Number of protein chains: 2
Amino acid sequence: MVRTAQAGKECCPNVLAAPLSETEAGDLARAFAALGDPVRLRLLSLLASAPAGEVCACELVVPVGRSQPTVSHHLKVLSEAGLIVGDKRGRWIWYAVVPERLTLLRRALEP
Amino acid sequence: MVRTAQAGKECCPNVLAAPLSETEAGDLARAFAALGDPVRLRLLSLLASAPAGEVCACELVVPVGRSQPTVSHHLKVLSEAGLIVGDKRGRWIWYAVVPERLTLLRRALEP
DNA sequence: TCGACGCATCGACAGCTGTCAATGCAAAGG
DNA sequence: CCTTTGCATTGACAGCTGTCGATGCGTCGA
(Lines give C-alpha, C1' and ligand atoms only; values in the text may rest on other atoms or scores of the structure.)
Protein backbone atom coordinates (compact mmCIF):
# COMPACT_ATOMS: atom_id res chain seq x y z
CA MET A 1 0.00 0.00 0.00
CA VAL A 2 1.30 3.38 -0.91
CA ARG A 3 1.14 5.16 2.38
CA THR A 4 2.49 8.47 1.11
CA ALA A 5 2.61 10.13 4.46
CA GLN A 6 -0.71 10.40 6.22
CA ALA A 7 -1.80 13.33 8.33
CA GLY A 8 1.37 14.28 10.11
CA LYS A 9 4.07 16.86 9.99
CA GLU A 10 5.80 16.60 6.67
CA CYS A 11 2.50 15.18 5.70
CA CYS A 12 1.71 16.24 2.23
CA PRO A 13 3.09 17.48 -1.00
CA ASN A 14 2.76 21.19 -1.54
CA VAL A 15 2.15 22.46 -5.02
CA LEU A 16 3.75 25.82 -4.44
CA ALA A 17 6.85 24.84 -2.51
CA ALA A 18 8.83 22.59 -4.79
CA PRO A 19 8.34 20.96 -8.16
CA LEU A 20 6.02 17.99 -7.80
CA SER A 21 7.10 14.53 -8.77
CA GLU A 22 4.93 12.72 -11.26
CA THR A 23 3.43 10.45 -8.63
CA GLU A 24 2.66 13.32 -6.28
CA ALA A 25 1.08 15.25 -9.11
CA GLY A 26 -0.98 12.25 -10.16
CA ASP A 27 -2.32 11.65 -6.68
CA LEU A 28 -3.22 15.26 -6.08
CA ALA A 29 -4.71 15.59 -9.53
CA ARG A 30 -7.11 12.72 -8.89
CA ALA A 31 -8.32 14.40 -5.73
CA PHE A 32 -8.76 17.80 -7.34
CA ALA A 33 -10.45 16.23 -10.33
CA ALA A 34 -13.02 14.80 -7.95
CA LEU A 35 -13.76 18.38 -6.92
CA GLY A 36 -13.93 19.48 -10.51
CA ASP A 37 -17.60 18.83 -11.03
CA PRO A 38 -20.42 21.08 -9.85
CA VAL A 39 -22.67 18.20 -8.85
CA ARG A 40 -19.97 16.67 -6.70
CA LEU A 41 -19.21 20.02 -5.09
CA ARG A 42 -22.86 20.42 -4.23
CA LEU A 43 -23.01 16.92 -2.81
CA LEU A 44 -19.96 17.64 -0.68
CA SER A 45 -21.54 20.88 0.39
CA LEU A 46 -24.80 19.19 1.33
CA LEU A 47 -22.98 16.63 3.45
CA ALA A 48 -20.79 19.17 5.19
CA SER A 49 -23.56 21.59 5.99
CA ALA A 50 -25.88 18.95 7.38
CA PRO A 51 -26.52 19.40 11.09
CA ALA A 52 -25.76 15.75 11.84
CA GLY A 53 -22.65 15.83 9.71
CA GLU A 54 -24.04 13.06 7.58
CA VAL A 55 -26.85 12.61 5.12
CA CYS A 56 -28.76 9.61 3.85
CA ALA A 57 -28.08 9.06 0.17
CA CYS A 58 -31.78 9.07 -0.46
CA GLU A 59 -31.93 12.72 0.49
CA LEU A 60 -29.32 13.76 -2.03
CA VAL A 61 -31.06 12.97 -5.27
CA VAL A 62 -33.65 15.74 -5.29
CA PRO A 63 -31.40 18.65 -4.19
CA VAL A 64 -28.85 18.11 -6.95
CA GLY A 65 -31.44 17.45 -9.62
CA ARG A 66 -29.88 14.36 -11.08
CA SER A 67 -31.06 10.79 -11.43
CA GLN A 68 -30.40 8.29 -8.67
CA PRO A 69 -27.77 6.36 -10.70
CA THR A 70 -25.96 9.59 -11.50
CA VAL A 71 -25.88 10.64 -7.86
CA SER A 72 -24.67 7.18 -6.93
CA HIS A 73 -21.89 7.52 -9.49
CA HIS A 74 -20.76 10.87 -8.13
CA LEU A 75 -20.82 9.57 -4.58
CA LYS A 76 -18.58 6.76 -5.69
CA VAL A 77 -16.12 9.17 -7.28
CA LEU A 78 -16.00 11.27 -4.13
CA SER A 79 -15.62 8.15 -2.06
CA GLU A 80 -12.79 6.76 -4.15
CA ALA A 81 -11.05 10.10 -3.85
CA GLY A 82 -11.24 9.73 -0.08
CA LEU A 83 -13.33 12.86 0.30
CA ILE A 84 -16.37 11.15 1.77
CA VAL A 85 -17.26 7.88 3.48
CA GLY A 86 -20.48 5.92 3.48
CA ASP A 87 -21.91 4.05 6.45
CA LYS A 88 -24.51 1.44 5.67
CA ARG A 89 -27.29 1.13 8.23
CA GLY A 90 -30.02 -1.23 7.27
CA ARG A 91 -31.40 -0.14 3.97
CA TRP A 92 -29.79 3.24 4.00
CA ILE A 93 -26.29 4.55 3.50
CA TRP A 94 -25.25 7.64 5.39
CA TYR A 95 -22.50 9.69 3.83
CA ALA A 96 -20.16 12.08 5.61
CA VAL A 97 -17.20 14.18 4.51
CA VAL A 98 -13.65 13.31 5.52
CA PRO A 99 -12.32 16.62 6.82
CA GLU A 100 -8.74 15.37 7.03
CA ARG A 101 -8.73 14.74 3.33
CA LEU A 102 -9.90 18.26 2.59
CA THR A 103 -7.29 19.64 4.94
CA LEU A 104 -4.66 17.76 3.00
CA LEU A 105 -5.80 19.36 -0.23
CA ARG A 106 -5.91 22.78 1.39
CA ARG A 107 -2.37 22.28 2.59
CA ALA A 108 -1.27 21.42 -0.92
CA LEU A 109 -2.30 24.91 -1.99
CA GLU A 110 -0.64 26.74 0.87
CA PRO A 111 2.18 29.15 0.07
CA MET B 1 -9.05 50.13 -5.92
CA VAL B 2 -11.36 47.24 -6.24
CA ARG B 3 -12.94 47.88 -2.87
CA THR B 4 -15.89 45.66 -3.56
CA ALA B 5 -17.18 43.20 -1.00
CA GLN B 6 -15.25 44.05 2.14
CA ALA B 7 -12.56 41.41 2.07
CA GLY B 8 -13.45 39.36 5.05
CA LYS B 9 -17.00 38.20 5.08
CA GLU B 10 -18.73 37.19 1.94
CA CYS B 11 -15.60 37.09 -0.09
CA CYS B 12 -15.95 33.62 -1.44
CA PRO B 13 -18.19 30.62 -1.44
CA ASN B 14 -17.28 27.93 1.04
CA VAL B 15 -18.03 24.36 0.16
CA LEU B 16 -18.36 23.18 3.72
CA ALA B 17 -20.39 25.98 5.24
CA ALA B 18 -23.65 26.02 3.35
CA PRO B 19 -25.13 24.31 0.32
CA LEU B 20 -23.67 25.78 -2.83
CA SER B 21 -25.83 27.33 -5.46
CA GLU B 22 -25.50 25.98 -8.96
CA THR B 23 -23.55 28.98 -10.16
CA GLU B 24 -21.17 28.91 -7.22
CA ALA B 25 -20.63 25.22 -7.73
CA GLY B 26 -20.01 25.71 -11.43
CA ASP B 27 -17.46 28.43 -10.90
CA LEU B 28 -15.57 26.52 -8.25
CA ALA B 29 -15.73 23.31 -10.24
CA ARG B 30 -14.06 24.95 -13.21
CA ALA B 31 -11.21 26.10 -11.01
CA PHE B 32 -10.75 22.73 -9.33
CA ALA B 33 -11.00 20.96 -12.66
CA ALA B 34 -8.06 23.04 -13.82
CA LEU B 35 -6.10 21.54 -10.93
CA GLY B 36 -7.32 18.07 -11.80
CA ASP B 37 -4.52 17.21 -14.18
CA PRO B 38 -1.02 16.11 -13.17
CA VAL B 39 0.67 18.06 -15.94
CA ARG B 40 -1.05 21.28 -14.91
CA LEU B 41 -0.21 20.70 -11.27
CA ARG B 42 3.42 20.26 -12.21
CA LEU B 43 3.35 23.41 -14.31
CA LEU B 44 1.86 25.33 -11.43
CA SER B 45 4.45 23.87 -9.15
CA LEU B 46 7.27 24.84 -11.49
CA LEU B 47 6.06 28.42 -11.68
CA ALA B 48 5.55 28.76 -7.96
CA SER B 49 8.87 27.30 -6.97
CA ALA B 50 10.87 29.37 -9.41
CA PRO B 51 13.20 31.83 -7.66
CA ALA B 52 12.00 34.74 -9.76
CA GLY B 53 8.38 33.75 -9.30
CA GLU B 54 7.97 33.45 -13.01
CA VAL B 55 9.18 31.18 -15.75
CA CYS B 56 9.54 31.56 -19.48
CA ALA B 57 7.19 29.23 -21.30
CA CYS B 58 10.11 27.86 -23.25
CA GLU B 59 11.54 26.39 -20.07
CA LEU B 60 8.40 24.42 -19.22
CA VAL B 61 8.27 21.99 -22.11
CA VAL B 62 11.16 19.74 -21.13
CA PRO B 63 10.40 19.37 -17.40
CA VAL B 64 6.84 18.15 -17.92
CA GLY B 65 7.74 15.88 -20.80
CA ARG B 66 4.99 16.95 -23.15
CA SER B 67 4.98 18.52 -26.58
CA GLN B 68 5.04 22.28 -26.93
CA PRO B 69 1.43 22.51 -28.14
CA THR B 70 0.27 20.38 -25.24
CA VAL B 71 2.09 22.58 -22.74
CA SER B 72 0.62 25.63 -24.43
CA HIS B 73 -2.83 24.10 -24.09
CA HIS B 74 -2.41 23.43 -20.40
CA LEU B 75 -1.07 26.92 -19.78
CA LYS B 76 -4.17 28.27 -21.46
CA VAL B 77 -6.44 26.17 -19.23
CA LEU B 78 -4.64 27.38 -16.12
CA SER B 79 -4.77 30.92 -17.40
CA GLU B 80 -8.48 30.80 -18.15
CA ALA B 81 -9.05 29.45 -14.66
CA GLY B 82 -7.29 32.53 -13.32
CA LEU B 83 -4.58 30.48 -11.69
CA ILE B 84 -1.71 31.92 -13.69
CA VAL B 85 -0.97 34.96 -15.81
CA GLY B 86 1.35 35.39 -18.75
CA ASP B 87 3.44 38.46 -19.45
CA LYS B 88 4.72 38.83 -22.98
CA ARG B 89 8.16 40.36 -23.30
CA GLY B 90 9.52 40.42 -26.80
CA ARG B 91 9.50 36.91 -28.12
CA TRP B 92 8.97 35.26 -24.78
CA ILE B 93 6.07 34.88 -22.42
CA TRP B 94 6.73 34.73 -18.71
CA TYR B 95 4.15 32.94 -16.62
CA ALA B 96 3.52 33.42 -12.92
CA VAL B 97 0.96 32.05 -10.48
CA VAL B 98 -1.86 34.18 -9.09
CA PRO B 99 -1.64 33.50 -5.35
CA GLU B 100 -4.93 35.24 -4.62
CA ARG B 101 -6.74 32.78 -6.78
CA LEU B 102 -5.23 29.85 -4.96
CA THR B 103 -6.09 31.44 -1.65
CA LEU B 104 -9.67 31.67 -2.79
CA LEU B 105 -9.77 27.98 -3.56
CA ARG B 106 -8.15 27.17 -0.24
CA ARG B 107 -10.80 29.22 1.52
CA ALA B 108 -13.49 27.29 -0.27
CA LEU B 109 -12.25 24.16 1.45
CA GLU B 110 -11.99 25.67 4.91
CA PRO B 111 -14.22 24.28 7.66
C1' DT C 1 -42.69 -15.71 1.78
C1' DC C 2 -43.35 -11.80 -0.80
C1' DG C 3 -43.39 -7.18 -2.23
C1' DA C 4 -41.53 -2.59 -1.60
C1' DC C 5 -37.63 0.09 -0.96
C1' DG C 6 -32.68 1.87 -1.23
C1' DC C 7 -28.73 1.73 -3.60
C1' DA C 8 -25.32 -0.12 -6.96
C1' DT C 9 -24.23 -1.76 -11.50
C1' DC C 10 -24.75 -2.20 -16.48
C1' DG C 11 -25.22 -0.66 -21.20
C1' DA C 12 -25.36 2.98 -24.08
C1' DC C 13 -24.47 7.49 -25.84
C1' DA C 14 -23.03 12.33 -26.50
C1' DG C 15 -19.74 15.52 -25.12
C1' DC C 16 -15.48 16.68 -23.27
C1' DT C 17 -10.29 16.16 -22.70
C1' DG C 18 -5.37 15.21 -23.32
C1' DT C 19 -2.23 14.50 -26.83
C1' DC C 20 0.59 15.31 -30.96
C1' DA C 21 2.05 16.76 -35.86
C1' DA C 22 1.37 20.36 -38.85
C1' DT C 23 0.67 24.99 -39.45
C1' DG C 24 0.12 29.95 -38.51
C1' DC C 25 1.79 34.25 -36.68
C1' DA C 26 4.22 37.93 -34.54
C1' DA C 27 8.72 39.46 -32.95
C1' DA C 28 13.48 39.93 -33.30
C1' DG C 29 17.89 39.54 -36.04
C1' DG C 30 20.36 39.23 -40.32
C1' DC D 1 13.49 42.04 -47.37
C1' DC D 2 13.99 37.08 -45.55
C1' DT D 3 15.05 33.80 -41.79
C1' DT D 4 14.81 32.24 -37.31
C1' DT D 5 12.57 31.80 -32.99
C1' DG D 6 8.84 31.36 -29.47
C1' DC D 7 4.30 30.51 -28.85
C1' DA D 8 -0.60 29.79 -30.24
C1' DT D 9 -3.97 27.54 -33.17
C1' DT D 10 -5.82 23.87 -35.98
C1' DG D 11 -7.17 19.23 -37.07
C1' DA D 12 -7.46 14.75 -35.77
C1' DC D 13 -7.98 10.94 -32.73
C1' DA D 14 -8.37 7.87 -28.68
C1' DG D 15 -9.86 7.77 -24.13
C1' DC D 16 -12.40 9.51 -20.44
C1' DT D 17 -16.72 11.46 -18.27
C1' DG D 18 -21.47 12.75 -17.11
C1' DT D 19 -25.90 11.23 -17.86
C1' DC D 20 -29.95 8.25 -17.92
C1' DG D 21 -33.06 4.00 -18.28
C1' DA D 22 -33.07 -0.63 -17.17
C1' DT D 23 -31.77 -4.00 -14.14
C1' DG D 24 -29.78 -6.49 -10.20
C1' DC D 25 -29.17 -7.19 -5.25
C1' DG D 26 -29.65 -6.88 -0.44
C1' DT D 27 -32.81 -5.23 3.41
C1' DC D 28 -36.65 -4.46 5.66
C1' DG D 29 -41.96 -4.69 6.70
C1' DA D 30 -46.24 -7.00 6.08
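All values derive from a computational prediction rather than experimental measurement. Within every chain, numbering begins at 1; the chains are lettered A, B, ... in the order of the sequence lines, protein sequences first and strands thereafter. Quick note: numbers below take in every heavy atom, side chains included, and nothing from hydrogens, waters or symmetry partners.
- In this structure, B/E24 contributes its side chain and B/S21 its backbone to a donor-acceptor pair below 3.5 Å.
- Residue order along DNA chain C, read from the 5' end via each residue's closest nucleotide, puts B/H74 first among B/H74 and B/P69.
- In this structure, A/R40 reaches the D/dG18 phosphate: one of its side-chain N or O atoms is under 4.0 Å from OP1 or OP2.
- For the pair A/Q68 CD and D/dC25 P, the computed distance is 16 Å after rounding to whole Å.
- Residue contacts shown for B/H73 include a base, since a base heavy atom lies under 4.0 Å away.
- In this structure, A/R91 does not reach the D/dC28 phosphate: none of its side-chain N or O atoms is under 4.0 Å from OP1 or OP2.
- For the OP1/OP2 pair of D/dG6 and a distance below 4.0 Å, the side-chain nitrogens and oxygens of B/Y95 include no atom meeting the criterion.
- A straight line from CH2 of B/W92 to P of D/dA8 spans 15 Å, rounded to a whole angstrom.
- With hydrogens and angles disregarded, no donor-acceptor distance shorter than 3.5 Å links the side chain of B/R42 to the backbone of B/V64.
- Distances shown here put every side-chain N or O of B/T70 at or beyond 4.0 Å from the OP1 or OP2 atom of C/dT19.
- Using a 4.0 Å heavy-atom criterion, one finds that B/R89 contacts no nucleic acid atom at all.
- In this model, the phosphate group of D/dT9 is approached by a side-chain N or O of B/K76 to a distance below 4.0 Å at OP1 or OP2.
- To the nearest angstrom, C1' of D/dG18 lies 15 Å from CG of A/L41.
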